[in-house]
K.L.:
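There's a structure below that I have some questions on.
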Amino acid sequence: MIDLRSDTVTQPTDGMRAAMASAEVGDDVYGDDPTVNRLQRVMAERFGFEACLFFPTGTQSNLAALMSHCGRGDEYLVGQDAHTYKYEQGGAAVLASIQPQPLEHEPHGGIAIERIAAAIKPDDIHFARTRLLALENTIGGKVLPSDYQREVTRFAHAQGLHTHLDGARIFNAIVKLGVDERSAVAGFDSVSVCLSKGLGAPAGSVLLGAAEFIRHARRWRKALGGGMRQAGVLAAAGLYALEHHVERLADDHANAAAFAAGLRELGLQVELPQTNIFYVEIPRRHVGALADHLTSRGIRVSLGVHTRLVTHLNVSRAQIDLALQAFRDYPAW
Ligand SMILES: *Cc1c(COP(=O)(O)O)cnc(C)c1O
């Protein structure tokens, strides 16, 4: 099977499994797991934050971050298509009594500063207190422009807002831009990073921030059921991924570019990818038959009129060529 649905479908490599098997562990709720502690130190150092906390998932890391920035009746500004707003069941509202104020995106994936300015509520008894701006990078495979990031975070801080980055795929942005971790997250008070996406770990995310912020997040993590015990077996996978699976993200980006170019040659409407994720428009009349055809060729795709395709660690260039050939061989174009 060639699975192009998501970069979360990767299998841990032999090297990663060996690192997990030999990890030194302890009870992380007591802060006793040396491998978790090492992962947290390494990530805090690489990203230039005081502190870091390991989570089972990115959803929980984002939610704990929102809960640490905002209290009940506070509001956060967020993009309509942002993961924290749209793809986490509204957890901030449902579980934390934080009101989301969703805003339209710009084509680059950010939110226009004027739109943000207009959405910040004045101090008035009628309104929720606007506390936080949350952005996402990469978003839909797009990298936030660095100039925009600098201006929007400066603006948010000048308005007294905190800034959170859902950096589930920040390493794709780092590799794409050729910048270091610190500049990639400059301007954000907190950042959530997934180890289980392009980096290929079986589970795990980290939250980065100031020491006091992470102290709050550790309390919320426990309340949310994220206090794991001998979590070092998972943290070891993350440490292994940081060492072995970051630079190779460039291969995923090149594979996505080649795939998109090939689909374009078939006359399909494709936005050329910046990283490992892109979308192709499939004429509605072909959706059902094309899905069956691809399945018969061992290609897994979440096929729809707006189909997301994702490259990753477990898809080689040769497999991209096979997938392209399967699209070409679809008899009814
Ligand atoms: C996957 C993802 C998350 C959530 O991570 P999980 O580990 O699946 O809970 C958050 N934000 C973005 C942008 C993601 O892609």
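In listed order, ligands and their atoms are each counted from 1.
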K.L.:
Exactly which residues line ligand 1, taking a heavy atom under 4.0 Å from it as the test?
P.N.:
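Those residues closer than 4.0 Å to ligand 1 by some heavy atom are Thr57, Gly58, Thr59, Asn62, His83, Glu88, Glu136, Asp166, Ala168, Arg169, Cys194, Lys197.
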
K.L.:
Short question: side chain of Asp74, backbone of Gly71 - any donor-acceptor pair under 3.5 Å?
P.N.:
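Yes; judged by distance alone, with no hydrogens or angles, the pair exists.
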
K.L.:
Check for me whether the distance between the ring centres of Phe213 and His69 falls short of 6.0 Å.
P.N.:
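Yes; His69 has its ring centre under 6.0 Å from that of Phe213.
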
K.L.:
Taking side-chain contact (heavy atoms from CB on, under 4.5 Å) as the test, write out the residues that go with Arg154, two or more places apart.
P.N.:
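With neighbours one apart ignored, the set is Arg150.
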
K.L.:
Members other than Val179 in its cluster, when Ile, Leu, Val, Met, Phe, Trp, Tyr link by side-chain heavy atoms under 4.5 Å?
P.N.:
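ILVMFWY cluster around Val179 also holds Val143, Leu177.
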
K.L.:
For Leu135, which of Ile116, Ile111, Asp166 qualifies under side-chain contact (heavy atoms from CB on, under 4.5 Å)?
P.N.:
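When side-chain contact (heavy atoms from CB on, under 4.5 Å) is applied between Leu135 and each of Ile116, Ile111, Asp166, only Ile111 qualifies.
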
K.L.:
For Arg38, enumerate each residue passing the salt bridge (charged side-chain N to carboxylate O under 4.0 Å, His left out) test, keeping only those at least two apart in sequence or located in another chain.
P.N.:
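Salt bridge (charged side-chain N to carboxylate O under 4.0 Å, His left out) check on Arg38 returns nothing, list empty.
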
